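See structure below.
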Amino acid sequence: MEKRSNKYHLTLKLSQYANGETEPAQELELNFDNHDEIFTIIERMKYKNLFDTPEEATQFALGLKLFGEIKLKHRKNPLFDELNEVFPVFMKKLKSL
C-alpha cells in the first residue's frame with residue numbers, strides 16, 4: 001500500500017550570476033512528493049522568527065523538507081549513517097522551539 005503524499009511542483013530560476021550577468025538564463029522545474037504540507041511548515045518557520053528574515057526561514061524550511069524527505073526514503077543508504085542518529089534529535093529540538 002502506497003503512502004499518501006502531497007505533490008509539489010517547484011520552479012527555480014537563476015536571476016543573476018555573482019558577476020552581475022543575467023545570461024545564459026537557467027531554470028529548473030521539479031515535481032516531487034512530500035509527506036508534509038510544506039507551505040504550513042514555511043509559515044511556522046517564519047512565525048518562530050529563528051532567522052534574520054522571512055526569506056531565510058523559507059529557504060531553511062524548503063531545504064530541510066527537500067533534504068529530509070530524501071533522507072527518509074533512503075535511510076538505509078550508508079551515506080546517511082551518521083545523520084540517522086542525530087537528525088531525529090535535531091528535528092525534535094526544532095519542533096520544540
Side-chain angles (χ1 to χ4, degrees):
M1 184 167 145
E2 187 177 332
K3 290 185 179 182
R4 290 186 182 181
S5 62
N6 297 299
K7 305 211 178 293
Y8 293 93
H9 179 84
L10 178 69
T11 301
L12 179 66
K13 182 177 180 180
L14 178 65
S15 58
Q16 183 176 336
Y17 290 88
N19 66 4
E21 296 290 326
T22 58
E23 296 293 331
Q26 292 193 45
E27 191 170 302
L28 169 84
E29 293 196 33
L30 175 68
N31 292 310
F32 65 96
D33 297 344
N34 195 287
H35 69 277
D36 285 319
E37 205 289 285
I38 295 175
F39 290 100
T40 300
I41 292 170
I42 289 171
E43 291 307 312
R44 281 190 212 143
M45 287 295 102
K46 289 178 182 179
Y47 179 78
K48 289 178 188 259
N49 208 21
L50 299 173
F51 303 99
D52 292 339
T53 66
E55 290 79 16
E56 286 181 346
T58 300
Q59 289 174 44
F60 173 77
L62 185 57
L64 184 63
K65 292 315 303 172
L66 289 169
F67 173 76
E69 193 75 7
I70 293 299
K71 192 197 91 42
L72 186 63
K73 286 180 183 176
H74 299 280
R75 68 174 65 88
K76 293 182 181 183
N77 185 319
L79 176 64
F80 299 116
D81 285 349
E82 292 83 6
L83 288 174
N84 287 333
E85 295 177 25
V86 297
F87 197 74
V89 175
F90 170 78
M91 290 303 294
K92 285 178 187 174
K93 179 179 180 180
L94 178 61
K95 289 177 181 182
S96 73
L97 298 175

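All values below come from the heavy atoms of this structure, side chains included, with hydrogens, waters and symmetry mates left out. Since the model is a prediction, treat every value here as computed from it, not as a measurement.
In this view, H74 satisfies the side-chain hydrogen bond (donor to acceptor under 3.5 Å, both in side chains) rule with no residue, not counting sequence neighbours. When the side-chain contact (heavy atoms from CB on, under 4.5 Å) test is applied to E29, the partners found at least two apart in sequence or on another chain are H9, T11, E27. Evaluation of the side-chain hydrogen bond (donor to acceptor under 3.5 Å, both in side chains) rule for T40 yields E37 as partners, not counting sequence neighbours. Partners of N6 according to the side-chain hydrogen bond (donor to acceptor under 3.5 Å, both in side chains) rule, which considers only residues two or more places apart in sequence or in another chain, do not exist here. Under the side-chain hydrogen bond (donor to acceptor under 3.5 Å, both in side chains) criterion, K71 pairs with N84, sequence neighbours left out. Partners of N19 under the side-chain contact (heavy atoms from CB on, under 4.5 Å) rule, at least two apart in sequence or in another chain, are Y17, E21. Here F32 pairs with Y8 under the ring pair (Phe, Tyr, Trp, His ring centres under 6.0 Å) rule; sequence neighbours left out.
Residues I42 and F67 do not share a hydrophobic cluster, clusters being chains of Ile/Leu/Val/Met/Phe/Trp/Tyr side chains in contact below 4.5 Å. Residues F60 and M91 share a single hydrophobic cluster, defined by chaining ILVMFWY side chains whose heavy atoms lie under 4.5 Å apart. Cluster annotation: L64 is connected to V86 through the hydrophobic network of ILVMFWY side chains, with a link wherever side-chain heavy atoms come within less than 4.5 Å. Follow the hydrophobic side-chain contacts under 4.5 Å out from L79 and you reach F87 in the same cluster. L66 and L12 sit in two unconnected hydrophobic clusters of ILVMFWY residues. Membership requires side-chain heavy atoms under 4.5 Å apart, directly or through other members.
The 12-atom threshold is not exceeded at CZ of F39, counting heavy atoms of other residues, nucleotides or ligands nearer than 6.0 Å.
Distance alone, capped at 3.5 Å, is enough to place a donor-acceptor pair between the N34 side chain and the K65 backbone.
E69 places none of its side-chain heavy atoms less than 4.5 Å from the side chain of D36.
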Quiz: residues 43-52 side-chain donor-acceptor pairs under 3.5 angstrom, not counting sequence neighbours:
{"from": "K48", "atom 1": "NZ", "to": "L94", "atom 2": "O", "distance (Å)": "3.4"}
{"from": "K48", "atom 1": "NZ", "to": "L97", "atom 2": "O", "distance (Å)": "2.5"}

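The shortest heavy-atom contact between L83 and P88 is O-CD, 4.0 Å.
Counting only residues at least two apart or on different chains, no salt bridge (Lys or Arg N to Asp or Glu O under 4.0 Å) pair has a member in residues 88-97.
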